[in-house]
Amino acid sequence: MKIKYLAVLVAAIVHWLLGGVWYGVLFKNPFMTRITPQQLLRMEGQNEGMALGVAFVMSLLLCYILAHFIHYTKARSAMAGAQTAFWLWLGFIFSTNIATVLFEARPRGLFAINVAYQLVACIIAGIILAVWRPREVLEA
């Protein structure tokens, strides 16, 4: 099996950058309104670079594993890549995160923001991974 590592890297960067836009711009207020002043002080003392680095490594891991599933399903079109990502999201992200709402009493709105980010980011990554073609194939 040949994994397209450049495609994995590009998909991971897009996944990670979308997270920054999602939580830093689009849905910043729902998170910030639930943070107490004590939590904000504690967060300011943390290493933001480390958190961003770990988030990128997790995006890279997610996209690497998604690339394997794209290969296994023989997804070669945008629709097939999106479908593969959707079913993985439903089975592994949505289904496991619903427990945080049920057992940890987390707000449903924040759950929706989190799983919607993963849905959108995974579908975009799935499309990138499915349609990516090596340069020599494009030139032939």
Side-chain angles (χ1 to χ4, degrees):
M1 172 176 61
K2 187 173 181 178
I3 296 296
K4 299 172 265 185
Y5 293 104
L6 185 56
V8 170
L9 179 62
V10 169
I13 291 169
V14 170
H15 185 277
W16 182 73
L17 288 174
L18 181 60
V21 171
W22 198 270
Y23 293 108
V25 178
L26 297 176
F27 296 103
K28 182 177 184 177
N29 289 338
F31 282 98
M32 295 309 287
T33 57
R34 298 186 186 282
I35 295 175
T36 66
Q38 295 82 10
Q39 289 172 318
L40 190 57
L41 284 172
R42 198 175 27 215
M43 287 168 59
E44 288 174 354
Q46 294 176 346
N47 184 345
E48 189 174 310
M50 173 71 94
L52 291 171
V54 169
F56 178 72
V57 170
M58 293 303 104
S59 289
L60 195 58
L61 177 62
L62 183 146
C63 290
Y64 178 73
I65 292 168
L66 180 56
H68 282 80
F69 280 92
I70 294 290
H71 177 79
Y72 295 146
T73 61
K74 297 180 180 19
R76 298 288 181 255
S77 68
M79 182 57 84
Q83 285 178 323
T84 300
F86 169 78
W87 289 114
L88 290 170
W89 169 85
L90 185 64
F92 296 107
I93 295 174
F94 180 85
S95 66
T96 57
N97 281 289
I98 194 80
T100 61
V101 174
L102 300 174
F103 295 109
E104 296 177 9
R106 291 194 181 184
R108 289 185 178 131
L110 294 180
F111 164 76
I113 290 169
N114 289 333
V115 296
Y117 156 65
Q118 287 297 342
L119 174 62
V120 172
C122 288
I123 285 175
I124 292 170
I127 291 169
I128 291 168
L129 294 166
V131 300
W132 192 278
R133 300 289 182 265
R135 172 170 260 154
E136 58 271 7
V137 170
L138 294 174
E139 293 172 354

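Keep in mind that what you see is a predicted model, and the values were worked out from it rather than measured. Any value given below was found using the heavy atoms of this structure, including those in side chains, with hydrogens, waters and symmetry copies removed.
Residues H71 and K2 form no side-chain contact, since every pair of their non-hydrogen atoms from C-beta on lies 4.5 Å or further apart.
In terms of heavy-atom proximity, V101 sits nearest to R108 at CG1-CG, 3.7 Å.
Considering only residues two or more places apart in sequence or on other chains, I65 meets the side chain to side chain contact (heavy atoms under 4.5 Å, CB included) condition with L61, F69. Partners of S77 by side-chain hydrogen bond (donor to acceptor under 3.5 Å, both in side chains), not counting sequence neighbours: none found.
Every pair passing side-chain hydrogen bond (donor to acceptor under 3.5 Å, both in side chains) that includes a residue from residues 51-67 is listed here, sequence neighbours excluded: H15-S59. Applying the side-chain hydrogen bond (donor to acceptor under 3.5 Å, both in side chains) test to every pair with at least one member in residues 82-97, sequence neighbours left out, gives these pairs: T73-T84. Within the structure, salt bridge (Lys or Arg N to Asp or Glu O under 4.0 Å) pairs that include any residue of residues 87-101 do not occur (at least two apart or interchain).
Side-chain heavy atoms closer than 4.5 Å link hydrophobic residues (I, L, V, M, F, W, Y) into clusters, and following such links, even through other members, never connects V14 to F86. A continuous path of hydrophobic side-chain contacts links L90 to L119 [ILVMFWY only; heavy atoms under 4.5 Å]. In terms of hydrophobic clustering, with Ile, Leu, Val, Met, Phe, Trp and Tyr side chains grouped at heavy-atom distances under 4.5 Å, L6 and V131 are assigned to different clusters. One hydrophobic cluster holds both L66 and I13 under the rule that ILVMFWY side chains link at heavy-atom gaps under 4.5 Å. Note on L60 and F92: same hydrophobic cluster, where clusters join Ile, Leu, Val, Met, Phe, Trp and Tyr whose side-chain heavy atoms are under 4.5 Å apart, directly or indirectly.
For the ring pair (Phe, Tyr, Trp, His ring centres under 6.0 Å) with W16, the lone residue among Y117, Y23, F56 that qualifies is F56. In summary, of the residues considered (I113, V21, N114), a side-chain contact (heavy atoms from CB on, under 4.5 Å) with F27 occurs for I113 alone.
Here the CG-CZ distance, from L102 to F111, works out to 8.5 Å after rounding to the nearest 0.5 Å. Separating the CH2 atom in W132 from the OH atom in Y5 is a distance of 15.0 Å, to the nearest 0.5 Å. The distance from atom CD1 of I3 to atom SG of C63, rounded to the nearest 0.5 Å, is 11.5 Å. The distance from atom CZ of F103 to atom CD1 of I98, rounded to the nearest 0.5 Å, is 10.5 Å. In this structure, L88 CG and I70 CD1 are separated by 7.5 Å, a value rounded to the nearest 0.5 Å.
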Which side-chain N or O atoms in residues 122-129 pair as donor and acceptor under 3.5 Å with protein atoms at least two apart or in another chain?
none

